[in-house]
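In what follows, a single structure is set out as structure tokens and then discussed.
Protein chains get the first letters and strands the later ones, always in sequence-line order, with residue 1 at the start of each.
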There are 2 protein chains.
Amino acid sequence: MEHPNKAEAHHTHDHAGAKNELTRNERLVHTVLEGADGPLGAYAILDAVREAGMRSPPQVYRALERLQQRGLAHRIERLNAFVACRRDECDGTATIFAICENCGCAREFADGTFDGFVTDWMRDNSFAMRLSRCELVGLCLACQPPS
Amino acid sequence: MEHPNKAEAHHTHDHAGAKNELTRNERLVHTVLEGADGPLGAYAILDAVREAGMRSPPQVYRALERLQQRGLAHRIERLNAFVACRRDECDGTATIFAICENCGCAREFADGTFDGFVTDWMRDNSFAMRLSRCELVGLCLACQPPS
DNA sequence: ACGCAAATGTTATAACGTAACAAAGTCGCC
DNA sequence: GGCGACTTTGTTACGTTATAACATTTGCGT
Ligand SMILES: [Zn+2]
Ligand SMILES: [Zn+2]
Ligand SMILES: [Zn+2]
Ligand SMILES: [Zn+2]
């Protein structure tokens, strides 16, 4: 049983500042994610940046990894896809997504009650948490059948 | 943007009852998961059941899908791996895992505070939830460096 | 110019998952 | 028993997602 994904959550500066420190490839990928209307798979991103000069999966995955470290992008585990973070204060350690099964939209938010639950649980159970991920799956308002 | 994973959460009977309704392949896969000391990837499961006669990935994935529907197994998104559920009342709609990055163990639990947060949020935001998944990532007690 | 570290580029391959179709088992019904 | 409908199983072949390993270039301090 071995493990991946040391990718997330280091720095805690604000997004505006972090965006000015991006390398060329990071900026390319981030721009694509910001312009997308929903989560994008790594290979969809690759297609979008190919003409700008990025041609192979490792280039995209590396950029994504660093964007996640800076809290500028998140991976949605359930979809194997990535989104740009639009919450300025977000450091990527406690994100929640509401994912629509019909249109594929993924709305990111944070919640104090959730944070409290997580904090309490890790204290009570001696678990040294590095980050938490919560994914709510269902239908967004626009996709629900008329009442 | 298209979507998968209609696999979860139908029936709500208890596990003991559900286990007696398993087909041959479902039972094989479930037995392997129950005997494992942590999450297993689909191909690891395949290796474990090969001598019993299951020889191809679709067979394993089909069994896993039906075990998940019955609440007898869960997929851990972050690990692309599967575990047997050990909570008798679990229907798979609101599971929480604490995942250790060092030893790979995944402890499943439920929590009333979390359920309340989820219920409130979906009411306040008109989101028709089908299921929720929460994955806490860090170090389990056994894997934490000595204080 | 030289040395070093970070970033980028490239190839090949590993790991995870599914579509599509064929064959065999199960069960009720005439 | 024979037939039809449905479920389960078996098999091939492929699609999608992710990473290992190594080469090259870039930026920068000395
Ligand atoms: Zn965020
Ligand atoms: Zn929707
Ligand atoms: Zn469970
Ligand atoms: Zn551990």
message = I want to check one thing: is the phosphate of D:dA18, taken as OP1 and OP2, less than 4.0 Å away from some side-chain N or O of A:Arg75?
response = yes
key: Any A:Gln59 side-chain N or O less than 4.0 Å from OP1/OP2 of C:dG9   = yes
query = Would you say C:dG9 has OP1 or OP2 under 4.0 Å from some side-chain N or O of A:Asn25?
reply = yes
inquiry  = Measuring from the side chain of A:Met54 (C-beta onward, heavy atoms only), which nucleotide among C:dT18, C:dG17, C:dG9 has the closest atom?
reply    = C:dG9
query = Could you give the CD-to-C1' distance, from A:Glu65 to D:dA18, as a whole number of Å?
reply = 11 Å
message = Quiz question: going by heavy-atom distance under 3.5 Å, is there a donor-acceptor pair between the base of C:dG9 and the side chain of A:Arg62?
response = yes
task = Tell me yes or no: between the side chains of A:Thr93 and A:Arg130, is some donor less than 3.5 Å from an acceptor?
result = no
key: Atom-to-atom span, CD of A:Glu77 to P of C:dC16 - whole angstrom   = 14 Å
Side chain of A:Phe82 (C-beta onward), nearest among D:dT19, C:dT18, D:dA18 = D:dA18
inquiry  = Donor-acceptor check, side chain of A:Asn125 to backbone of A:Phe127, threshold 3.5 angstrom: yes or no?
reply    = no
Atom pair distance, as rounded to whole Å: OH in B:Tyr43 and P in C:dG17 = 8 Å
query = Which sits closer to the 5' end of DNA chain D, B:Arg24 or B:Asn80, going by the nucleotide each is nearest to?
reply = B:Arg24
task = Give the rounded distance in Å between these two atoms: CG of A:Leu46 and C1' of D:dA18.
result = 12 Å
query = When the distance from CD of B:Gln69 to P of D:dT8 is rounded to whole Å, what number comes out?
reply = 10 Å
ask   = About how many Å separate CZ of B:Arg133 and CZ of B:Arg75, when rounded to the nearest 0.5 Å?
value = 9.5 Å
ask   = Are A:Trp121 and B:Phe109 near enough that their ring centres are under 6.0 Å apart?
value = yes
request  = For the side chain of A:Thr23, starting at C-beta, report the closest nucleotide among D:dT12, C:dT10, C:dT8.
outcome  = C:dT8
key: Euclidean distance, atom CG of residue A:Leu64 to atom C1' of C:dT8 [Å, nearest integer]   = 15 Å
query = To the nearest angstrom, how far is B:Arg55 atom CZ from C:dA23 atom C1'?
reply = 14 Å
query = Are the charged groups of A:Arg78 and A:Glu135 less than 4.0 angstrom apart, N to O?
reply = no
request  = Report the distance from atom OH of A:Tyr61 to atom P of D:dA18, rounded to the nearest whole Å.
outcome  = 4 Å
